[in-house]
Amino acid sequence: MFYKIIRPIARFIVWVLNGHLHIHHKNRLPKGSYILVAPHRTWWEPILFALGASPMEFMSMAKIELFKNPVLRFILDHVHAFPVDRKKPGPSALKIPVKGLRKGELSLIIFPSGTRHSAELKGGALLISKMSQKPMVPVVYQGPLSFKGLLKRKELEVNFGDPITIDRKTKLTHENEKIIYQQLEDAWKKLDDELDPNFHYVAK
């Protein structure tokens, strides 16, 4: 219930601050639950992705330190966020999203690079996709990368790609992970080119 209440509030705030959110190719989203997989470019991407894929509700990973604040913990709990220790991620980092995806009521937003300042892709998204048997949907954001740019009302662009499915029989060997992540990299490049072929992300 809280998620359904907070979503229109978030949509209104984005409209007031910027007013130029454009969603592309929402028709590519599959039926049922899925995993939105994106290169990490800003801290507000999860909000825009969740708004763009509405009415689906999303889980997301949040660093465990954020849950120490009781007010923030209440909000995070009620928007389906779950804590992850980035230094020592335990089994719950897989079990919680896999269980939620299998139920079919929630989808997941995940950034394989973990942070905005890393280009290295980690295997968690692939394992979650295989264990849950839910497709990964590549998605990209183009737009302002600073809060100042957001307030200047530069356009916000979200582009959804075609689902990528990992067969249950596929072994996630190092070689297979490289192949699948190359698919993701190629998909992100295609989505960026669809929006603006001259776009080049530079971490702020």
Check whether any side-chain heavy atom of [X] sits under 4.5 Å from a side-chain heavy atom of [Y], and report yes or no.
{"X": "S33", "Y": "L106", "value": "no"}
{"X": "P138", "Y": "K190", "value": "no"}
{"X": "P46", "Y": "F58", "value": "no"}
{"X": "L21", "Y": "W15", "value": "no"}
{"X": "L172", "Y": "I180", "value": "yes"}
{"X": "K99", "Y": "K103", "value": "yes"}

With distance as the sole test, does [X] use its side chain to make a donor-acceptor pair with the main-chain N or O of [Y] at under 3.5 Å?
{"X": "S107", "Y": "I35", "answer": "no"}
{"X": "R41", "Y": "Y141", "answer": "yes"}
{"X": "K130", "Y": "T170", "answer": "yes"}
{"X": "N18", "Y": "E155", "answer": "no"}
{"X": "S60", "Y": "I109", "answer": "no"}

Starting at [atom1] of [X], measure out to [atom2] of [Y] and round the result to the nearest 0.5 Å.
{"X": "H24", "Y": "L195", "atom1": "NE2", "atom2": "CG", "answer": "5.0 Å"}
{"X": "K189", "Y": "D186", "atom1": "NZ", "atom2": "CG", "answer": "9.5 Å"}
{"X": "L36", "Y": "E45", "atom1": "CG", "atom2": "CD", "answer": "11.0 Å"}
{"X": "R28", "Y": "Y34", "atom1": "CZ", "atom2": "OH", "answer": "14.0 Å"}
{"X": "D162", "Y": "N27", "atom1": "CG", "atom2": "CG", "answer": "8.5 Å"}
{"X": "I110", "Y": "I128", "atom1": "CD1", "atom2": "CD1", "answer": "4.0 Å"}

Identified side-chain contact (heavy atoms from CB on, under 4.5 Å) counterpart of F12 within the set V14, V16, I9: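 When side-chain contact (heavy atoms from CB on, under 4.5 Å) is applied between F12 and each of V14, V16, I9, only V16 qualifies.
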Please set out all donor-acceptor pairs under 3.5 angstrom arising from side-chain atoms of residues 73-80, sequence neighbours excluded.
| from | atom 1 | to | atom 2 | distance (Å) |
| --- | --- | --- | --- | --- |
| H78 | ND1 | F74 | O | 2.7 |
| H80 | NE2 | E57 | OE1 | 2.7 |

NZ of K26: more than 12 outside heavy atoms within 6.0 angstrom?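 Atom NZ in K26 is packed in, count exceeds 12.
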